[in-house]
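A short worksheet on the structure shown next.
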Amino acid sequence: CSSGAADRRIGSSAAGAAARMGRNEETVKVVVRCRPLNSTEKADGRERIVTMDTQMGTVVVKQPGASSEPPKTFTFDMVFDETSRQEVIYQKTAMPIVDSVLEGFNGTIFAYGQTGTGKTFSMEGVN
């Protein structure tokens with residue numbers, strides 16, 4: 001999931017918005033959420049090949065099976081693993097953007113990923 005918020009207040013200056021919100025909140029942030037394996041994947045005997053460090057914001061992807069290829073590490077603004085609760089993800093990612101929109105700022109939440117990787121799961125949860 002990637003989220004971005006443009007901090008231009010409707011009818012106001014971007015400088016005023018930046019002063020109110022702080023420089024860190026006005027940038028595009030890239031957030032990754034790894035969903036749990038679904039029942040079909042479990043039934044197929046698929047293995048988890050992604051390790052997420054939520055504190056460091058890193059994702060390590062290893063080749064499936066007994067590959068000698070080294071794992072690849074990627075760093076993001078925030079990382080949520082398969083145990084992350086929907087409410088916590090919302091509070092840390094979407095809520096600041098929604099609050100800004102309600103105050104008159106522009107905001108965008110953009111979910112991107114391959115089909116079946118969990119975009120709808122991340123936006124709506126299990127139900």
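Keep in mind that this is a model prediction, so the values were computed, not measured.
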Is the shortest heavy-atom distance from the side chain of R35 to the side chain of N38 under 4.5 Å? yes
For the pair D44 (side chain) and R46 (backbone), establish whether a donor and an acceptor sit closer than 3.5 Å, ignoring hydrogens and angles. no
Describe, in one word, how the ring planes of F110 and Y112 are oriented to each other, choosing from parallel (under 30°), tilted (30 to 60°) and perpendicular (over 60°). parallel
Spell out, yes or no, whether L102 and I109 are grouped together once hydrophobic residues are joined by side-chain heavy atoms under 4.5 Å, including indirect joins. no
Are F74 and V50 linked, directly or through other ILVMFWY residues, by side chains that come within less than 4.5 angstrom of each other? yes
Side chains of Q86 and R33 only: does a donor on one sit below 3.5 Å from an acceptor on the other? yes
What is the minimum heavy-atom distance between I97 and G107, and which atoms define it? CG2-CA, 3.9 Å
Kindly work out whether a path of hydrophobic side-chain contacts (I/L/V/M/F/W/Y, heavy atoms less than 4.5 Å apart) joins F76 to I49. yes
More than 12 non-hydrogen atoms from neighbouring residues, nucleotides or ligands closer than 6.0 Å to CE on M56, yes or no? no
All heavy atoms of P71 vs all of V60, minimum pair found to be CB-CG1, 3.6 Å
Below 4.5 Å, heavy atoms only, C-beta onward: do R48 and C34 meet side chain to side chain? yes
Could you give the distance from OG1 (T54) to NZ (K92), rounded to the nearest 0.5 Å? 8.0 Å
Check E47 with K42, please: is the shortest side-chain N to carboxylate O separation under 4.0 Å? no
Can you hop from V98 to V101 via hydrophobic side chains spaced under 4.5 Å? no
So, D81 side chain and S84 main chain: donor-acceptor pair closer than 3.5 Å or not? yes
Any donor and acceptor pair, going by atom type alone, linking the side chain of D77 with main-chain N or O of V30 inside 3.5 Å? yes
